[in-house]
Amino acid sequence: MNSPARRPEFVVVTIFPEMFPGPLGFGVVGKALERGLLALDVRNLRDWADPPHRQVDDATFGGGAGMVFKPEPLFRAVEDLRKGAQRDKTRVVLLDPGGRPFDQRVAQELAGCERTVLICGRYEGVDGRVRENLVDEEISIGDYVLPGGELPAMVIMETVARLIPGVVGEPASVEAESFEGGLLDHPHYTRPAVYQGMAVPEILLSGHHADIAAWRQKAAYERTLRRRPDLLRGKTTPAPSGSGGAERKNS
Ligand code: 9D3
């Protein structure tokens, strides 16, 4: 499994540095930042733009509505952030709606990187030369339109951060989760055993651990089949006992 050398660092390049750490300051990720299990360095793109106006955007060649990020501030920023000893251990990612779709697998990959620069686009995007010649890759967090890459950067950092050893208390809870095992999670219940007439499945109160494990596996499989059959496609999943067939080639 990929694991970072130590203390992975994220560098965020944005025109809205005040948005950070934002949600990253809370919960297990907030704790991890405090404890130094990961580092966050937020940089203002305008610091690399020319005075006196420090303009980072301009109209697009060829016409059309909207502005794009000019190349100079981004090229200077990345050149600065890739200096010296940092050069070989730094991965530069552009957040862009046309990028590679982010998922748990991409997160695992990034968790193995010592230093990741996340460039947040705004407006209609960035000058094409930034994409073509500057960044290592482009990532999108899904097929919907956001006003910029800042929330995507936060989504990526939160997802990657909890994969860092020590960030999430119980390692089992990271592994047994949706997607990593290829299935959605089974439902969970806590006290009271009966709430307003709604009872917790009896088997969970039985203390029979093997039966409980089988019940959970079956519930996870059925929930996945119903809600997200795309997650099963192309995989050979041992069908849990009671759902018919010893083995099923999902299609
Ligand atoms: C019609 C052209 N638009 C592409 C869908 C232009 C455009 C819209 C919004 C270009 C950039 C943006 C700002 N969005 C991001 O920078 C972004 C994003 C997103 O909007 N959705 C999902 N993932 C991401 S990552 C960065």
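One-based numbering, in listed order, for ligands and for the atoms of each.
- Ranking the protein heavy atoms by distance from atom 23 (N) of ligand 1 puts Ile141 N, 3.0 Å first.
- The backbone of Asp96, and not its side chain, has at least one atom closer than 4.0 Å to an atom of ligand 1 (non-hydrogen atoms only; backbone = N, CA, C, O).
- Taking the side chain as every heavy atom from C-beta outward, Phe69 and Asp127 never approach each other to under 4.5 Å.
- For atom 22 (C) of ligand 1, the closest non-hydrogen atom of the protein is Gly142 O, 3.2 Å.
- No donor-acceptor pair under 3.5 Å is formed between the side chain of Arg91 and the backbone N or O of Asp136.
- With 3.5 Å as the limit, one finds a donor-acceptor pair spanning the side chains of Thr90 and Arg115.
- Between Val13 and Cys120, the closest side-chain pair of non-hydrogen atoms is not below 4.5 Å.
- Here Asp47 pairs with nothing under the salt bridge (Lys or Arg N to Asp or Glu O under 4.0 Å) rule; sequence neighbours left out.
- Residue contacts with ligand 1 include Ile139, since one or more of its heavy atoms lies under 4.0 Å from the ligand.
- The residue Cys120 has no part lying near ligand 1, judged by heavy-atom distances below 4.0 Å.
- Considering only non-hydrogen protein atoms, atom 14 (N) of ligand 1 sits nearest to Leu146 O, 3.3 Å.
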Using residues 193-202 as the side-chain source, report each donor-acceptor pair under 3.5 Å to any protein atom, sequence neighbours left out, with the distance given to one decimal.
none

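- In this structure a side-chain-to-backbone donor-acceptor pair under 3.5 Å is missing from Arg100 to Ile139.
- Annotation: atom 21 (N) of ligand 1 to nearest protein heavy atom, Tyr144 O, 2.8 Å.
- Annotation: Glu124 places no N or O atom under 3.5 Å from an N or O atom of ligand 1; distance criterion only.
- Inside a 4.0 Å radius of atom 1 (C) of ligand 1 there is not any protein heavy atom.
- In the vicinity of Tyr123, heavy-atom distances shorter than 4.0 Å reach the ligand 1 atoms 10 (C), 11 (C), 12 (C).
- Here the heavy atom of the protein found nearest to atom 15 (C) of ligand 1 is Pro97 CD, 3.5 Å.
- Ring orientation note: the planes of Trp215 and Tyr189 are tilted relative to one another, at an angle of 30° to 60°.
- Residue, atom and distance of the protein heavy atom nearest to atom 24 (C) of ligand 1 are Pro152 CG, 3.7 Å.
- Residue Val145 has no N or O atom closer than 3.5 Å to an N or O atom of ligand 1.
- For the pair Trp48 and Arg54, the minimum side-chain heavy-atom distance is 4.5 Å or more.
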